[in-house]
Amino acid sequence: MLRPPWLSVTAVCALLVAYLIGRFGAVPPPAARAVPSDSTGFFQQADPADPADEGRPSRRGGVVAGVLADAAGKTVEELAMLLATEKSGVARAALLENLIEQLNADNWKAVFEVVWHARQEGMISDREKELVLQCIGHIAGPAAMAQFKPADPVKDWDTHDGRHAMRGWAQADAATSLTWLEAQPEGNFRTGMALGFVRGAAINDPKRALQAVTMLSPENLQWAMNWMLNADEAAQYVPFVQQWLTSSAPGGSNPETTQTKSEVFSQLLNTQFYAIRNDSEGIRVARWVEQFAGRDLINAPAVSRMAAQFAERMAAPKVIELIERMAAPVAPGQPDPISVVMRRWSRQDPKAAQQWLNEHQDSPSYDAAVVAFVQNTPNAEPVVQRAWLDTVRD
């Protein structure tokens with residue numbers, strides 16, 4: 001168990017609700033209602049501000065107080081129904097937290113039935129349903145997994161999106177849940193549960209999450225990693241994805257696995273580009289990239305995107321040096337990272353680019369750099385361009 005002993009299961013689930021409230025303003029309304037695109041829009045839609053209210057008690061607080069007063073003494077099934085019919089975003093969040101606080105080993109099945117049917121009818125959102133399922137996993141563990149196990153676990157997937165409950169169980173107790181997972185027969189049910197486990201354990205118990213990764217096909221593994229890198233809490237998953245990329249897990253030399261790692265690396269690199277904008281010389285991000293130097297997961301398109309970003313911050317020779325360290329093979333039809341840098345450099349400072357070429361004729365980047373230099377100095381005399389191209393070795 002990776003949480004302090006004083007932190008109860010319901011407290012952990014309440015923290016998840018608090019996270020949603022803090023991150024998104026409120027748990028969103030059902031898909032059946034219009035959802036504003038901005039994160040604060042739902043507050044405005046559910047309880048618009050009124051200048052005349054200045055100095056008066058908050059109407060929003062009044063809505064929540066009224067809803068919670070109505071909820072007092074309700075059973076968890078009744079609370080779930082209130083959640084399904086409440087339209088105010090802040091009140092929904094308060095009801096959801098109230099509901100989760102009362103979940104226990106005796107009533108989770110009844111809550112699940114109400115929540116599942118409410119989602120089927122479009123009365124609550126996917127995120128609300130998934131959060132309740134996570135908390136059910138926290139509370140019920142193996143009993144919840146039995147609830148979501150299909151009659152044929154080999155051919156059929158988990159029922160009722162049970163992998164979200166597995167995610168909650170993995171967050172609460174990765175050791176026990178992994179032992180349970182490994183005991184399941186190979187098939188679609190175990191795959192679905194493994195996806196949930198990896199998402200749940202990756203942050204707090206990456207070692208066991210890496211063990212579960214070996215149960216996934218390259219396709220499912222790529223899906224799981226891409227989900228992590230696109231999740232709202234992606235920053236918390238980045239260390240695990242990096243650890244997986246640099247690990248020598250079973251199947252690491254398999255071409256399919258290598259391709260999967262290459263594609264995930266490209267996605268991971270995309271998540272780091274925001275840092276380049278805050279790194280005046282690109283040095284910090286370049287240092288981060290260097291941990292992957294020489295690995296077969298590096299591909300030319302990813303390095304080309306990286307080069308374009310770095311070329312705006314770093315001196316061109318430094319970018320070229322970093323590209324050479326990456327040693328990304330360039331397949332026919334792919335952009336050459338060196339060309340990306342030299343194209344920009346030749347236009348901005350052709351004299352400096354020419355000097356670098358004169359001083360680096362033995363560089364493995366020389367041929368691609370010369371071609372890009374000639375292509376991007378159109379005002380040069382044809383005889384000069386020809387002379388440069390004659391120095392290309394291949």
Side-chain angles (χ1 to χ4, degrees), residues 12-43 45-46 76-77 79-100 103 108-140 144-145 147-148 150 157-171 188-189 191-200 202 220 223-234 236-237:
V12 172
C13 293
L15 287 174
L16 291 174
V17 178
Y19 165 77
L20 287 179
I21 295 172
R23 172 67 177 81
F24 300 101
V27 177
R33 294 202 296 275
V35 182
S37 58
D38 63 287
S39 60
T40 58
F42 183 64
F43 278 123
Q45 176 181 328
V76 287
E77 297 97 321
L79 282 175
M81 285 306 301
L82 283 176
L83 171 67
T85 55
E86 177 56 50
K87 297 185 184 300
S88 166
V90 287
R92 290 173 71 84
L95 281 171
L96 183 58
E97 184 174 8
N98 198 324
L99 170 66
I100 285 172
L103 271 175
W108 69 266
K109 288 186 178 181
V111 173
F112 162 73
E113 291 293 338
V114 175
V115 168
W116 177 260
H117 289 298
R119 179 61 196 129
Q120 294 298 99
E121 296 297 323
M123 300 169 74
I124 65 172
S125 70
D126 272 333
R127 194 161 61 201
E128 288 168 323
K129 177 203 69 178
E130 290 168 8
L131 183 57
V132 171
L133 283 171
Q134 277 183 255
C135 293
I136 285 175
H138 267 276
I139 292 164
M145 300 310 110
Q147 177 82 11
F148 304 126
W157 296 88
D158 46 300
T159 67
H160 305 90
D161 294 335
R163 65 195 63 184
H164 298 294
M166 170 54 87
R167 180 184 175 190
W169 189 17
Q171 288 171 332
N188 287 335
F189 174 65
T191 295
M193 293 294 101
L195 287 168
F197 180 90
V198 170
R199 290 165 61 176
N220 285 316
W223 183 92
M225 296 296 173
N226 286 343
W227 180 91
M228 293 180 193
L229 294 175
N230 286 286
D232 295 306
E233 62 273 33
Q236 298 181 59
Y237 284 112

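Going from atom CZ of F189 over to atom OG1 of T159 covers 8.0 Å, rounded to the nearest 0.5 Å. Between atom CG of residue L133 and atom CH2 of residue W116 there is a gap of 7.5 Å, rounded to the nearest 0.5 Å. Of the inter-residue distances, the one linking H117 atom NE2 with F112 atom CZ reads 7.5 Å to the nearest 0.5 angstrom. Note that NE2 of H138 and CD of Q171 are 4.5 Å apart. Values are rounded to the nearest 0.5 Å. Within the model, atoms CG of L96 and SG of C135 stand 7.5 Å from one another, a figure rounded to the nearest 0.5 Å. To the nearest 0.5 Å, atoms CG (L82) and CG (L95) are separated by 6.0 Å.
Contact between G192 and D158 at its shortest, heavy atoms only, is CA-OD1, 3.7 Å. Residues G196 and M166 approach most closely at C-CG, 4.0 Å, considering heavy atoms. Among all heavy-atom pairs drawn from N220 and L195, the shortest one is O-CD2, 3.6 Å.
Checked against salt bridge (charged side-chain N to carboxylate O under 4.0 Å, His left out), R199 has no partners two or more places apart in sequence or in another chain.
Taking 4.5 Å as the limit, every side-chain heavy atom of D161 sits out of range of all side-chain heavy atoms of E130. V76 places none of its side-chain heavy atoms less than 4.5 Å from the side chain of W108. With a 4.5 Å cut-off on side-chain heavy atoms, I100 and E97 do not count as touching.
Below 30°, between 30° and 60°, or above 60°: for F148 and H160 the angle between ring planes is between 30° and 60°, a tilted geometry.
Without hydrogens or angle criteria, R92 side chain to E86 main chain gives a donor-acceptor distance under 3.5 Å.
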